[in-house]
Structures are given as C-alpha cells and as structure tokens.
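Please read the structure below before turning to the comments.
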Amino acid sequence: MPELPEVETIARTLEPQVRERVIRAAHVLLPKTMAVGQELFSAVFPARVVGVRRRAKLLLVDIAADGQKTPTHLLAFHLKMTGKLFVHDAATSPHKHTRVMFDLAPEGDIPESRLFFDDVRTFGYCRLMRPEDLDSWPFWANLGPEPLTLTPAEFSRALGTRRGGIKSLLLDQKVIAGIGNIYVDEACFRSGIHPLTGADRLSDLQRAALLQSIQDVLTESIAECGSSIRDYRDANGDAGAFQNLFRVYGRAGQPCMICGTMLEKIIAAARTTVFCPCCQQGS
DNA sequence: AGATCTACCTGGTTGC
DNA sequence: TGCAACCAGGTAGATC
C-alpha cells in the first residue's frame, strides 16, 4: 500500500533509471488508468524526462517536449494500493496487470527500454498534464502540507478546531498529505494517543508528540525503503524492510511491545485499526 | 460544514 | 478439491 515512504522510495529508485531518457510513445492498455491527458500524447511525445519527484502519495515525472530544458508537461501517478513502476528491456511484453507502458529511446550505452505501470486492482491512475493545470486539479489544489517539514504550530493549525477522531483527520489528505492506514496506527501508538480521540481534545503537548511520531515513523520507514505488505516493491524490484519494525499494524492479538497488554483491533475511519488499550487511552 | 459511510477493484486467504 | 465469503485500503461522492 504505497504511502509517503513507499512513494518516496519509488521516486528515488526510479529517477536514475529514467532521468534524461526520451519517452518516444505511450501505450494505454486500460483506458480508465489514463483517463486524463491521453489526447495530448501526439503533441507531447517524444519528450525527455527531466526529473522524478513526490508530493503526498503522488509520484510526478517531469518531462520536456521539443528539446526544451524546463518541463513542459508532467506525468502524475497515483499508485493507490497496488500500482507499481518498473523499467524493463524493450522486448518485455505487457502482462495481465500492465495498464500503461512508455517506450524509452536508447541513450548512450543504455539500450531501448520500457517503463511499465502495473496495477492489479486498477485503482491507480496516471495523468498527463501541463504544470499550469495542476492548480485546477482539485485533488492537487486541496492537498494538505507535507508532514516531514511541518512545524508543531503548522501541524496544530492544520488540525484546526475539528472534532473528528484523530485517525480520520490524519488519513484526510486535505489535512495532512501522505499518511495512510499503516503509518497513522504506528504514529498514534508511538505518541500514546487513542486513534478515536477527538482532535480538539489533544493538548499542545500531545499534538507535538504526535507530529514527532509521524515524522519518526516516516523517516525511519524511508531509511528502510518503505514497508512491504504483500507485494509492494520499489522501482528496482526490491522489497522494503520497515514492516519488520511495525509495533501495532498487523499485530492485533499479540502483546504490546511496551506493556504486554494484548493489542486490540477496531474499525476506525472505516479502516482496520490496531492499538494498545493500555498505552493509548483517552478516546 | 464536517463527519461518516459506501463504491470501486482483484487476488489471496479462510472456512465449509 | 471446489467454491463462496471475506478482507485489504485511498479517494470520490453521497448522505446525514
């Protein structure tokens, strides 16, 4: 389930494989995956990849058409649950779950190759757009702040006066960007906050502790190249290792690492939620 | 407006 | 062995 650390890892492993490469053409195998921008193909390609970056859980590939240096367009990928990006050699055929393919021209010693966007559950998408179109894309325009560079005051401002459960607020990409079900549970556990606690009932101290925990789990996970639940892989095909450091996610019924109490599973924000009823009180 | 719920998807797992 | 039921979860959209 690519969340911020996984998308960051994919961006870092993909960039060296596609930077400066020329995308000659794109092939859409599942139309709904490329519902936006397909009509631009003929005008944009061939285009050179000038960079790969991440915003929230979006992976952005900046491309420049017509030999220009500055990006003229970008590919915005949302991997949702099962999206994957790989570069294979040009002879590789699409398989059952391949949704879009990009032909990459040979560059120096690098032979012709192909960028694959595979997605088993087809929730993911890729949009081809101009940079100036981003602001009129509601999802982009409404994204909340990036958590890693957030200050406690900014975090508190982002939570505002809302009274909903803290878990549902943290999952809301308009409040704070990039956090999903795994990291919200891990961060709540580390800061000793019950996931159903009303955000308005968190003290300044608790808010600061929660932000610190969010930044800790995200930073540690990035250092481990993300978490591999089931089938996540980075752009090199390598698994992450942060799943070995989970303290609550997927551990319902097992003892709390701090106090030994049995971890409980509940549904919060319509998501499976695991927490320690002893260490995380105050709902 | 804000909070909550459901649809969208498919493959793997569970249970009979 | 076969097969139905269930589960995973980010986001849009609907409802209250």
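Source: prediction; values computed, not measured. Each chain gets a letter, A, B and so on, in the order its sequence line appears, and its residues count up from 1.
Boundaries of the chain A contact region on DNA chain C are dA8(C) to dA12(C), first to last in 5' to 3' order (nucleotide atom under 4.0 Å from a heavy atom).
When the nearest nucleotides of DNA chain B are assigned to Arg162(A) and Ala270(A) by heavy-atom distance, the more 5′-ward of the two goes with Arg162(A). Closest-nucleotide positions on DNA chain C for Phe123(A) and Lys174(A) were compared, and the one nearer the 5' end corresponds to Phe123(A).
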(request) Determine, stepwise, if the pair Tyr125(A) / Phe77(A) fulfils ring pair (Phe, Tyr, Trp, His ring centres under 6.0 Å). (result) CA-CA 6 Å; Tyr125(A) 57 77; Phe77(A) 293 90; 9.3 Å; no
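Arg121(A) places its CZ atom 15 Å from the P atom of dC8(B), with the value rounded to the nearest Å. One can place CZ of Arg271(A) at 15 Å from P of dC8(B), the figure rounded to the nearest angstrom. For Met81(A) and dT10(B), the CE to P distance is 12 Å, given to the nearest whole Å. Following rounding to the nearest Å, Asp172(A) (CG) and dT4(B) (P) show an atom-to-atom distance of 12 Å. A straight line from CD1 of Ile267(A) to C1' of dC5(B) spans 13 Å, rounded to a whole angstrom. Between Lys167(A) atom NZ and dA3(B) atom C1' there is a gap of 16 Å when expressed in whole angstrom units. Rounded to an integer number of Å, the gap from Lys96(A) NZ to dT10(B) P is 10 Å. The CG atom of Leu196(A) sits 14 Å away from the P atom of dA3(B) (whole-angstrom rounding).
For Asp133(A) and Arg130(A), the salt-bridge test passes: some basic side-chain N is under 4.0 Å from an acidic carboxylate O. A salt bridge does not link Arg271(A) to Asp185(A): none of the charged nitrogens lies less than 4.0 Å from a carboxylate oxygen. Salt bridge Glu112(A)/Arg24(A): present, at least one basic N to carboxylate O contact under 4.0 Å. In summary, Arg162(A) and Asp172(A) engage in a salt bridge, as defined by a charged side-chain N under 4.0 Å from a carboxylate O.
The one candidate from Arg21(A), Glu107(A), His88(A) that meets the side chain to side chain donor-acceptor pair (under 3.5 Å) condition with Ser113(A) is Arg21(A).
Using a 4.0 Å heavy-atom distance criterion, Tyr125(A) is classed as making no nucleic acid contact. Across all strands, Thr272(A) comes closer than 4.0 Å only to sugar-phosphate atoms, never to a base (heavy-atom distances).
The environment of CG in Asp89(A) is crowded: more than 12 heavy-atom neighbours from other residues, nucleotides or ligands sit within 6.0 Å.
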